[in-house]
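Each chain gets a letter, A, B and so on, in the order its sequence line appears, and its residues count up from 1. Small disclaimer: the values here were computed from a predicted structure and weren't measured.
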Protein chains: 2
Amino acid sequence: MELAIAQPADFHVHLRQGALSELVTPHVRKGGFSTAYVMPNLKPPITSTDQALAYKAALEKIEPNVEFLMTLYLSPELTPDEIRKAKQAGIVGVKSYPRGVTTNSDGGIESYEAYYPVFEAMQEVDMVLNLHGEIPSDSAHASLFSLFSFNNIHVLNAEPSFLPHLHKTHSTFPRLRIVLEHATTRAAVEAVKACGDTVACTITVHHLELTVDDWAGQSWNFCKPVAKYPDDRQALRDIVKEGHPRFFLGSDSAPHPPHNKSVSTPSCGCAAGIYTSPILLPLTAHILESFGALDRLEDFVSTFGRKFYKIPANGNKVLLTRATHGATFSIPEEGYTLKDESAIPFWAGRRINWTLSE
Amino acid sequence: MELAIAQPADFHVHLRQGALSELVTPHVRKGGFSTAYVMPNLKPPITSTDQALAYKAALEKIEPNVEFLMTLYLSPELTPDEIRKAKQAGIVGVKSYPRGVTTNSDGGIESYEAYYPVFEAMQEVDMVLNLHGEIPSDSAHASLFSLFSFNNIHVLNAEPSFLPHLHKTHSTFPRLRIVLEHATTRAAVEAVKACGDTVACTITVHHLELTVDDWAGQSWNFCKPVAKYPDDRQALRDIVKEGHPRFFLGSDSAPHPPHNKSVSTPSCGCAAGIYTSPILLPLTAHILESFGALDRLEDFVSTFGRKFYKIPANGNKVLLTRATHGATFSIPEEGYTLKDESAIPFWAGRRINWTLSE
């Protein structure tokens, strides 16, 4: 069996910087994608148009055959004027990170009201707001203030607790295009569905597969947002299977050096992040097929996201072949290496039923 | 400051077998305890009086100065006659493991009705039933049968989902002494409180400290049952602070070789279990003090458990000294080693404020 998919687009990917970037940036194409929506959480974060353009040039030098869609990191430095400048320069979106919840998010936001002038400008010039929708964990005040929403916050309710902020921002800026990134809960799916056409949602391929049991005691399956309960995974699968046009792939592919993913000592936890870029399209086909949604593959990886982002496909098709019995593709257990950098993908050592055709 | 504690008793401990047992059994005393209620989940499990007595003799050979209270593993081999024989031989309890939820539980139970003749005999001779109160995870059927209680089961609701079984067993055998082991949820605390005086509950010291965020990406804090939400931890702390006589310490100290606690490859998750024996009394003092319950230390580690189990203290006191500034006790980062076996305790590398006096 062979499938022809209109130019896939990954609407959420971490391409890092330095040597790690040299390793992973070509993996976008290796995984079957030629459009990449690039996250700005570098050190230092990408907070200006000039930085974003320099980063884009660096990525294009590594991999000239990918279309890189660039983003800015929402921070107090960002002004309405900078938004207009960014739009002119072709920058597509602005990413918001709550403080401290994921890799390099120490400078993340704490409250949205302060950014309303920026959002106003974004709405005016039609830039996209990308939300990492989690409230930072707060276990300390669970008993003292349990009636208030910012307490008893932990990795499993961090996303549902964020959703009122999505609703408020959407109500205040109804024409602002907003993407709730890497949704993991039934509550998030319902919240996005209930919004107007300007609000969409990315879903990662690993969140279509994992539940909390999979990362309990297994740090390689640990990412933020963490995979949730079986019922939440079912809601993600159902919305993909339904083919709702405002739900589409953003891989959140996030490579870390292997020693940061292993936990070897009691004093050192592992980095959050799951790396899927180099196997992304075959893996997505495999996992969608596993729950009966293979017929939604093109919608999920190309059509729906491109329509929301207004980024048309180029007419090229990517061909996927389903393995005949015994000829499945083995995800390399040892990962991928370039000079001193390496990264091990999700499901390393396992076999999947789909491969890219030349 | 110095505290004198009447002979502490650990009412739930794993002393393993072979070389690992030689390493960890003396750690009961090292941690300030001289009574240990010993779990039967060995390979093969302890299912008969003769096995339990042989295991007891092996433990006494390693450490003659600890009182070992022995248990049997609930399994189809166990008969009412064997219960009467066990009681005569001084065996104190019978431990029930749901199939597959923790170390060496592959032979665990699936339904209690089949064991009613055994429970009847236990009630008659006054043996204690120890329940590992978790339903095995089941993510596969989340959507198909979501109205039924055995679906959408994961590591975080596995304990609340078990509580109807506690209630039913207690209702059917109201004079049978039952201990719900290592409670981790507010629901479990409430369920035990609502039962009669024949139902008690052990609490580990690590569950008084950890929440889900602490084991997310950190396998050394991973155990079963997993630590739950901040509100659940608060319920555990509150019941200890209140001094409810049916809630007392069972450490569930569970050593594993360090390479089984580290996660080094995507295909190999880590073993569930947290090792606290060698630091147990000082750690418990430190953690109870951290939430204002130091005045309940003796009740929690000695009085309440001994009363429920009818195992009187011997009159000896253990002395604990609170460190003066700068003289805190450092938990050895490298752990403890004997021949080829080693085990690294909870909080390795951290400092605590209490030490045992000679």
[X] vs [Y] side-chain heavy atoms within contact, under 4.5 Å:
{"X": "B/Ile352", "Y": "B/Ile331", "answer": "yes"}
{"X": "A/Leu131", "Y": "A/Tyr97", "answer": "no"}
{"X": "B/Arg237", "Y": "B/Glu209", "answer": "yes"}

Next on the checklist: Are there residues of residues 342-350 of chain A whose heavy atoms fall under 4.5 Å of chain B's heavy atoms? If so, which?
Outcome noted: A/Ile344, A/Ala348

Interface residue of largest heavy-atom contact number with chain B, from [options], under 4.5 Å:
{"options": "A/Leu156, A/Asn221, A/Val226", "result": "A/Leu156"}
{"options": "A/Ala158, A/Gly335, A/Gly217", "result": "A/Gly217"}
{"options": "A/Cys270, A/Ser262, A/Pro266, A/Ala271", "result": "A/Pro266"}

Item to check | Spatial distance of atom NE2 (B/His182) from atom CD1 (B/Ile274) [nearest 0.5 Å] | outcome: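 The distance works out to 12.0 Å.
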
Checklist outcome for this item: Ranking B/Thr265, B/Asp232, B/Thr211 by heavy-atom pairs under 4.5 Å to chain A gives rank one to B/Thr265

Next on the checklist: Shorter than 4.5 Å, heavy atoms on both sides: which option in B/Gly269, B/Ala216, B/Ser219 has the most such pairs with chain A?
Outcome noted: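 The candidate making the most pairs under 4.5 Å is B/Ala216.
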
Next on the checklist: Assess whether a salt bridge exists between A/Arg296 and A/Asp299, defined as any Lys/Arg side-chain N lying under 4.0 Å from an Asp/Glu carboxylate O.
Outcome noted: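 Result for this pair is yes, salt bridge flagged.
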
Item to check | Check: B/Gln218/B/Asp214 side-chain N/O donor and acceptor closer than 3.5 Å | outcome: no

Checklist entry - Just checking, is any N or O donor in the side chain of B/Tyr275 or B/His27 under 3.5 Å from an acceptor N or O on the other one? => result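 Yes - a donor-acceptor pair under 3.5 Å links their side chains.
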
Next on the checklist: Angle between ring planes, B/Phe247 versus B/His244, binned at 30° and 60°: parallel, tilted or perpendicular?
Outcome noted: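 Correct class here is perpendicular.
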
Checklist entry - chain B heavy atoms under 4.5 Å from A/Cys268: which part of the residue, side chain, backbone, both or neither? => result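 Just its backbone gets close to chain B.
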
Next on the checklist: side-chain hydrogen bond (donor to acceptor under 3.5 Å, both in side chains), that's the test. Do B/His154 and A/Asp213 meet it? Break it down for me.
Outcome noted: CA-CA 6 Å; B/His154 45 77; A/Asp213 281 57; 5.2 Å; no

